[in-house]
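Everything below concerns the one structure shown next.
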Amino acid sequence: MERILITSALPYINGVKHLGNLIGSQLPSDVYARFMRSLGFEVMFICATDEHGTPAELAAISKNIPVKDYCEEMWSLQKKIADDFHISFNYFGRSSSQQNHQLTQHFATKLWENSFIEEVEEKQVYSLADNRFLPDRYITGTCPACGYEKARGDQCELCTKQLEPTDLINPKSTISGSQSLEIRTTKNLFLKQSLLKEKLEKWIETKEGWPVLTKSIAKKWLNTKEGLKDRGITRDLSWGIPVKKYENIWPGFEDKVFYVWFDAPIAYIATTKEWSDKNKLPDMSWKRWWLIDEGAENVSYVQFMAKDNIPFHTISFPATIFGSGENWKQVDFIKGFNWLLYEGGKFSTSEQRGIFMDQALDLYPADYWRWWLLANAPESSDTDFTWESFQSTINKDLADVLGNFISRVANFSVSKFGNVIPETQIYGQLEKETIKKLDYHYKCLKDLMQNIEIRKSCNALRSIWVTGNEYLQKAAPWSILKENPEKSKMIIRFSLNLINLYSLVSEPFIPFTCGKIRDHFQFSKVTKWPESLDSFLNTLGDGHKIFVPDILFHKITDEERIRYQQTFSGMDL
RNA sequence: GGGCGAGUAGCUCAGUUGGUUAGAGCAGAGCGCUCAUAACGCUUUGGUCGCAGGUUCGAGUCCUGCCUCGCCUACCA
């Protein structure tokens, strides 16, 4: 049996993520993971916090705590929020784990052995006041082209001219504001991915089913004027993975660490090992996911990420793996997402614009967010979140179509036939036709999800929900109750079985609610979805108890919508 | 500047390799039902498919040019 390895792009440790980050990787990968498990595949679903780099150091400094403690705290927080959104990771690790230290150093050593690493002298800006080298974006000054005074060292945001920090007039550190900057020569390791250009190109060519977004970004990087550029993989920082070769400090790199974009993807592998170690499992248990000839030849590996991450997953990380010369599993499919916008603009962490994951859960249950985000996933282009759309989608799809169906069936059943499922069970023509219709949508749903078409899957699921209401309206058990109570009972028995079906097939999308439905109606947990629905829709046995559930989805009122539109405008905070 | 994507009903979007009357959801209109969270069902009004040419028996779908919008462009992760 084929196994499925799924990784979600690593969220940066720097604070709580917003809804755009959620729909960019964790949420769609979770739906896919849950779905593939339901189809009977063995799944390994991995994520971790990406903890290294300058922003983490600075955040810790501003909080006046050691960066290690800061990361510890933020990791716990991010893990808790992911749990609250019911993201079903097999393991949520950390890029700062010992496993990642060892593995990153191992990869560097292998790359060096195979001549894919060289030491390069380069000039970088050093801030005396901050006592550190500054990444380009942490330097601002006057743009030599347009005179804009807050141009960044990598690019002027006003005239969009690409800059070098040394181009800036009156440069200063954004961290301290200090102008005592100097150019210092420093030595870094470079990954010579240019040597792997042909190999990467051929490899990407074989990936026919990849989304346009993914492939076009990859090709762009391979085919710029200068060709594929080599990339620095070390930095002059203290927080990170020490630069080692054969387990000894790399001579001349005593005060340096590997760059986050080198160690972060490797953390996918290291986190799987972290999982294995934590559970005291033999090495085989993680290697069978990651090493060809040790089990990974039967693994299908799917990565989820937002489009900003695509270059690293199509170029740098594959280059690292190819360059190692070892049998590491390469990705089979990359699902890339566009941006989620907030009411026409960008989500912004610094301006507190938009909705952050922790705030979202204070307002509405996770499934509300999950459903809207999935039904509107930015697959083909950027998608705008608006409160109006959120209100309309939730009220219509969840409350009216799904929730109300469950209410009307349960209410009718209990009020007419008591707290037990009606016994009459020979289905008629209409039921058979309905099963046929459901089977069609069910098959669509499975096909779409296997192709990771998130939006379309939501449509297919919605069609399944709608079918129940259509059926009930045609069958009209309330109008034939008097002259033909047996038939009315049969209709309700069938309808109660539909609720069972809904709790099953909706689970990847709205798992919390489905669990609630299953508990309330005492549905037994199904580990593998049925091939077809014929017999499944007759699984509730005689004597099964039925009670009216509480309202599953409360509607979002106009007052709430208006209030939140104002609260989250980002202007008055 | 270069690259990529998008422009289809009032809104959000689907439209496989070009083939007969261009689809869905929401919103609007009408009818029906009354079990239900005034929920549900049925019917229905909206489109010279960004613009201009071209290829073809035939183009939303292919080619050329143009317009508008968005994204990316390598030390932000």
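Side chains included, hydrogens not; waters and symmetry mates left out as well; all remaining heavy atoms used. Labels below follow one simple rule: chain letters A, B, ... track the order of the sequence lines, proteins then strands, and each chain is numbered from 1.
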* **Residue pairs involving residues 478-498 of chain A (criterion ring-ring contact (aromatic ring centres under 6.0 Å, His included); sequence neighbours excluded)** => A/Y427-A/F494, A/Y471-A/F494
Check: residues 230-239 of chain A side-chain donor-acceptor pairs under 3.5 Å, at least two apart:
{"unit_1": "A/D230", "atom_1": "OD1", "unit_2": "A/Q193", "atom_2": "N", "d": "3.2"}
{"unit_1": "A/D230", "atom_1": "OD1", "unit_2": "A/S194", "atom_2": "N", "d": "3.0"}
{"unit_1": "A/D230", "atom_1": "OD1", "unit_2": "A/S194", "atom_2": "OG", "d": "2.8"}
{"unit_1": "A/T234", "atom_1": "OG1", "unit_2": "A/N188", "atom_2": "OD1", "d": "2.6"}
{"unit_1": "A/T234", "atom_1": "OG1", "unit_2": "A/L189", "atom_2": "N", "d": "2.9"}
{"unit_1": "A/D236", "atom_1": "OD1", "unit_2": "A/T186", "atom_2": "OG1", "d": "3.2"}
{"unit_1": "A/D236", "atom_1": "OD1", "unit_2": "A/K256", "atom_2": "NZ", "d": "2.6"}
{"unit_1": "A/D236", "atom_1": "OD2", "unit_2": "A/T186", "atom_2": "OG1", "d": "2.9"}
{"unit_1": "A/W239", "atom_1": "NE1", "unit_2": "A/E51", "atom_2": "O", "d": "2.7"}

* Scan residues 335-348 of chain A for pairs that pass salt bridge (charged side-chain N to carboxylate O under 4.0 Å, His left out), counting only residues two or more places apart or in two chains. => A/K335-A/E379
* **Qualifying salt bridge (charged side-chain N to carboxylate O under 4.0 Å, His left out) pairs, either residue in residues 385-403 of chain A, two or more places apart** => A/K396-A/D400, A/D397-A/R462, A/D400-A/K555
Please list each protein N or O that sits under 3.5 Å from an N or O in nucleotides 67-71 of chain B, with the distance.
{"unit_1": "B/rG70", "atom_1": "O2'", "unit_2": "A/D382", "atom_2": "OD2", "d": "3.1"}
{"unit_1": "B/rC71", "atom_1": "O3'", "unit_2": "A/W339", "atom_2": "NE1", "d": "3.2"}
{"unit_1": "B/rC71", "atom_1": "O2'", "unit_2": "A/K307", "atom_2": "NZ", "d": "2.8"}

* **Protein proximity profile, nucleotides 38-43 of chain B - base contact B, sugar-phosphate-only contact S, no contact -, cut-off 4.0 Å on heavy atoms** => -SBSS-
Contacts table for residues 482-490 of chain A: side-chain donor-acceptor under 3.5 angstrom, sequence neighbours left out:
{"unit_1": "A/N484", "atom_1": "OD1", "unit_2": "A/K487", "atom_2": "N", "d": "3.2"}
{"unit_1": "A/E486", "atom_1": "OE1", "unit_2": "A/T424", "atom_2": "OG1", "d": "2.5"}
{"unit_1": "A/S488", "atom_1": "OG", "unit_2": "A/P477", "atom_2": "O", "d": "2.9"}

* Asked: Can you list, by residue number, the residues of residues 482-498 of chain A that have a non-hydrogen atom closer than 4.0 angstrom to RNA chain B?
  -> none
* Asked: For A/E470, what residues pass the salt bridge (Lys or Arg N to Asp or Glu O under 4.0 Å) criterion, not counting sequence neighbours?
  -> A/K437
* Structure fact -> Those residues at least two apart in sequence (or on a different chain) that pass salt bridge (Lys or Arg N to Asp or Glu O under 4.0 Å) with A/K443 are A/D447
* Structure fact -> Those stems involving RNA chain B that have three or more consecutive Watson-Crick or G-U pairs, both distances under 3.5 Å, are B:1-7 with B:67-73, B:10-13 with B:23-26, B:28-32 with B:40-44, B:50-54 with B:62-66
Listing time: all N or O pairs from protein to nucleotides 6-11 of chain B that are below 3.5 Å?
none

